[in-house]
Amino acid sequence: MKGDDTRFLTGTDEHSINIAQSALDEGRSARAFVDEKVGYFKVAEDALAISPDRFIRTTDPDHVRAAQEMVRRAHANGDIYLGTYEGWYCPNEGFRNATDVQETARGTICPNHPEVPLQWLTEKNWFFRLSAYQERLERHYEEHPDFVQPDYRRNEMLGFIRGGLEDFSISRERTPGGWGIPFPIASNGSSSRREDGTWDPEAGVIYVWYDALINYITGAGFPDDMGAFAHWWPADLHVIGKDIARFHTIFWPAMLWSAGLEAPRRVWVHGWLLAAGGERMSKSRGNFLDPNDFVTAFGADGARYLVLREVPFGRDAEVSWESFVRRYNADLANDFGNLLNRTVSMTNRYLEGERPAPTAEGQRDDAGVPPVSDLASTWSRVLERYRERLEGCALDDALAELWGVVGAANKVVDAEQPWVLAKAVKDGDEIAAARLRAVLGELLEACRLVGLAVAPFMPGVAPRVLAQLGYAFDYGADGNGGPPILEELRWGAHGGEPGRVSAPEPLFPRLDLEVATEPGGTTPT
RNA sequence: GGCGGAGUAGCUCAGUGGUAGAGCAGGGGACUCAUAAGCCCUUGGUCGGUGGUUCAAAUCCGCCCUCCGCUACCA
């Protein structure tokens, strides 16, 4: 919306052994299994009005090419070598981490398949020379203090690096059903591609997360369209969950450097939404919030607002249905929704719907009345802080800044009491008439600015706000098109344009806490 | 165990030496444009415990208690 070229990528990581095994357990192909799951993700994205430029799947053919090219580059650079990997091996799931297995009277077992004895297996694998990048990683962290955010995550990762980096394996000889991207290099160092174009299964597959990380550059055009890639890479921002921080902040930059590519500019690590008591949400615990139910109750815009406002973006947060309903009613229905509604209603009632221009700072309107409120100066301060918070990924603070203006505007209504001014106007008081127009002009402008500024959070609500105010909204559902938003976000940017407000229409119907419980029937917490 | 963070009003949190704060929730009031919303006022806290430093400590130091994060191949 600022007018910058953007490319927004989401997608799915599909080559895990767990996926291959679950598909086998259900008696169907891994491909059919992931196709179904991807459908669920896309439905949820649509429901939440998340509009990536591309939804990338690691099973996409261009991603297969990208992953194989990255392996070739690492190999050409001398960063991968053949070694042996050993550990507990579950015939159903492949290698299990020592922390995932249990010692029992009958031997070592994996909790998912207690009937099947584990084997201590040795496998020939390719290893990536992560150890060669320790110094460069430390230097990178020092020279780019914002590379990993929030700061405490950066410190954790830096501590991990300083503790010494080991090489890690990036291939697997065997996976259930051979699931994975074919490893493009044979053990003798030549290509594993055969004359008929298929890949030699003896070469194994690329280990799942080595392949998964590469999705970011596939999405930027690597290696099929290096022109596009040069335009989009390095990415300005990776947003990831805390559980995969190490992969994105340590392994991934090293992989890129090995291939002669740049690291992303910034990686933001977000926390989790936790259920009551700080428990992790899971279906088996029955404390899972289905995003589709969420949208049903609050609307796509409401759901987006709540999740981003209620939670400090860098930390875990305990959330509950009740906390969301409270926040929805307080912020959206009562504060902002009602502000717009009362402002539009008064404009209709007292000015026959005609929209007066907002009085600018230091100016007098045509009737000689100076600004009646300090909303204009408040706005310019808030906008600056709003931008700072957004750029720092402090999304909850960013929204709080905007709501400071909402609060100020509600106070202005009570301080000026337009209904009293309107009575005086009826009695022929011309000064009151000018003041009434000034008050409503300032309130309408505050509504326009907040409604537009909040568009990245509530892309569906923003056009409805502007429509009620009689303004056009020229941006698409994905935020593209339209004028540079910072121009539009100036106080009085459309001050000279005559216009009419439309009939007031509540944006966020107030919810009854007792009624608005989870559709799944789970007891609200 | 090691490293790091947190413990402040019912809830979520701000506050790094000088008379305890915000939002929400609760209570009261005046008003009426509005989604019984908004506005004003207000109840509520020995700032985890303890011992120090200081004229003065939520804030600095020591010890203790509780919780959380990181501590490499599930991803």
Side-chain angles (χ1 to χ4, degrees), chain A residues 13-19 21 85 87 90 93-100 110-112 125 127-128 130 150-153 155-172 207-213 240-248 250-251 269 271 274 278 309-312 315-320 322-323 326-327 329-350 396-397 400 403-404 406-407 409-422 436 439-440 443 504-511 513:
Chain A
D13 163 16
E14 305 183 8
H15 285 127
S16 84
I17 289 167
N18 289 339
I19 284 174
Q21 188 55 45
Y85 182 81
C90 169
E93 290 194 52
F95 280 97
R96 300 291 314 205
N97 190 314
T99 57
D100 289 335
C110 114
N112 296 343
N125 280 170
F127 280 73
F128 180 83
L130 182 66
D151 281 336
Y152 77 98
R153 293 292 178 197
N155 293 339
E156 285 177 1
M157 294 303 114
L158 193 51
F160 184 90
I161 295 167
R162 287 180 172 149
L165 297 177
E166 298 169 13
D167 298 346
F168 56 82
S169 65
I170 64 163
S171 70
R172 284 292 180 270
Y207 189 46
V208 53
W209 58 255
Y210 189 85
D211 123 39
L213 284 164
I240 61 163
K242 65 178 185 179
D243 48 334
I244 51 176
R246 193 196 312 138
F247 298 94
H248 286 74
I250 299 174
F251 300 171
V269 182
L274 300 174
R309 175 66 184 86
E310 187 72 3
V311 171
R315 276 182 280 175
D316 292 356
E318 235 176 271
V319 297
S320 66
E322 186 182 337
S323 71
R326 243 204 305 268
R327 174 70 75 176
N329 281 337
D331 288 9
L332 297 181
N334 298 351
D335 288 346
F336 182 53
N338 185 51
L339 171 67
L340 178 72
N341 197 245
R342 67 199 305 207
T343 301
V344 170
S345 291
M346 287 189 286
T347 304
N348 274 308
R349 184 184 285 217
Y350 304 142
D396 56 318
D397 289 339
W403 256 251
V406 172
N410 272 317
K411 289 190 208 315
V412 167
V413 175
D414 281 79
E416 293 301 324
Q417 304 186 57
W419 49 95
V420 174
L421 292 170
L436 178 60
V439 172
L440 290 176
L443 291 171
E505 176 200 351
L507 287 177
F508 304 102
R510 201 180 150 77
L511 297 175
L513 181 57

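Within every chain, numbering begins at 1; the chains are lettered A, B, ... in the order of the sequence lines, protein sequences first and strands thereafter.
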Using whole Å, report how far [atom1] of [X] lies from [atom2] of [N].
{"X": "I244(A)", "N": "G69(B)", "atom1": "CD1", "atom2": "P", "value": "17 Å"}
{"X": "F168(A)", "N": "A75(B)", "atom1": "CZ", "atom2": "C1'", "value": "14 Å"}
{"X": "R153(A)", "N": "G69(B)", "atom1": "CZ", "atom2": "P", "value": "9 Å"}
{"X": "R309(A)", "N": "A22(B)", "atom1": "CZ", "atom2": "C1'", "value": "11 Å"}
{"X": "D243(A)", "N": "A72(B)", "atom1": "CG", "atom2": "C1'", "value": "15 Å"}
{"X": "M157(A)", "N": "G69(B)", "atom1": "CE", "atom2": "P", "value": "13 Å"}
{"X": "D13(A)", "N": "C74(B)", "atom1": "CG", "atom2": "P", "value": "13 Å"}
{"X": "L165(A)", "N": "A72(B)", "atom1": "CG", "atom2": "P", "value": "12 Å"}

Pairs where residues 335-347 of chain A contributes a residue and the test side-chain hydrogen bond (donor to acceptor under 3.5 Å, both in side chains) is met, not counting sequence neighbours:
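side-chain hydrogen bond (donor to acceptor under 3.5 Å, both in side chains) check on residues 335-347 of chain A returns R342(A)-N410(A).
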- Shortest non-hydrogen separation from L443(A) to A409(A) and the atoms involved: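 Minimum heavy-atom contact is CD2-O, 3.5 Å.
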- request: Specify the closest pair of heavy atoms between V269(A) and K242(A), including all atoms of both residues, with the distance to one decimal.
  value: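 What the structure gives for the nearest pair is CG1-CA, 3.3 Å.
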- Query: Looking for any heavy atom pair under 4.0 Å, which part of the strands does G241(A) touch: base, sugar-phosphate only, or nothing?
  - Reply: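 It contacts nothing in the nucleic acid.
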Using a 4.0 Å heavy-atom cut-off across all strands, classify R327(A) as base, sugar-phosphate, or nothing.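 No contact.
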CZ of F128(A) to OG of S169(A), rounded to nearest 0.5 Å, is 12.5 Å
State, yes or no, whether a side-chain contact exists between [X] and [Y] at a heavy-atom distance under 4.5 Å.
{"X": "F508(A)", "Y": "N329(A)", "result": "no"}
{"X": "F168(A)", "Y": "Y207(A)", "result": "no"}
{"X": "I17(A)", "Y": "V208(A)", "result": "no"}
{"X": "L213(A)", "Y": "H248(A)", "result": "yes"}

Can I get a per-line list of side-chain donor-acceptor pairs under 3.5 Å for residues 411-419 of chain A, giving both atom names and the distance, sequence neighbours left out?
unit_1	atom_1	unit_2	atom_2	d
E416(A)	OE1	R435(A)	NE	2.9
E416(A)	OE1	R435(A)	NH2	3.2
E416(A)	OE2	R435(A)	NH2	3.1

Notebook entry, point to check: Would you say A75(B) has OP1 or OP2 under 4.0 Å from some side-chain N or O of Y210(A)?
Noted result: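 No, Y210(A) has no side-chain N/O under 4.0 Å of OP1/OP2 on A75(B).
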Can you tell me, in whole Å, how much space there is between the [atom1] of [N] and that of [M]?
{"N": "C13(B)", "M": "C31(B)", "atom1": "P", "value": "39 Å"}
{"N": "G28(B)", "M": "U66(B)", "atom1": "C1'", "value": "39 Å"}
{"N": "G44(B)", "M": "G21(B)", "atom1": "C1'", "value": "13 Å"}
{"N": "U54(B)", "M": "C60(B)", "atom1": "C1'", "value": "10 Å"}
{"N": "A6(B)", "M": "C24(B)", "atom1": "P", "value": "27 Å"}
{"N": "C3(B)", "M": "C64(B)", "atom1": "P", "value": "13 Å"}
{"N": "G17(B)", "M": "C61(B)", "atom1": "C1'", "value": "14 Å"}

Of A75(B), G69(B), A72(B), the nucleotide closest to the side chain of E156(A) is G69(B)
With 3.5 Å as the limit, what N/O pairs link the protein to nucleotides 9-13 of chain B?
none

Hits for side chain to side chain contact (heavy atoms under 4.5 Å, CB included) against P312(A), two or more places apart or cross-chain, chain-then-number order -> R315(A), A317(A), D396(A)
For nucleotides 28-43 of chain B, 5' to 3', base contacts (B), sugar-phosphate-only contacts (S) and non-contacts (-) with protein non-hydrogen atoms under 4.0 Å give ---SSBBB-SBSS---
Nearest-nucleotide check on RNA chain B, V208(A) vs F160(A); residue mapping nearer the 5' end is F160(A)
Each base of RNA chain B marked ( ) or [ ] if paired in-strand (Watson-Crick or G-U under 3.5 Å), | if paired to another strand and . if unpaired gives ((((((((.[[[[.)..(..]]]].((((.........)))).....[[[[[..)....]]]]])))))))....
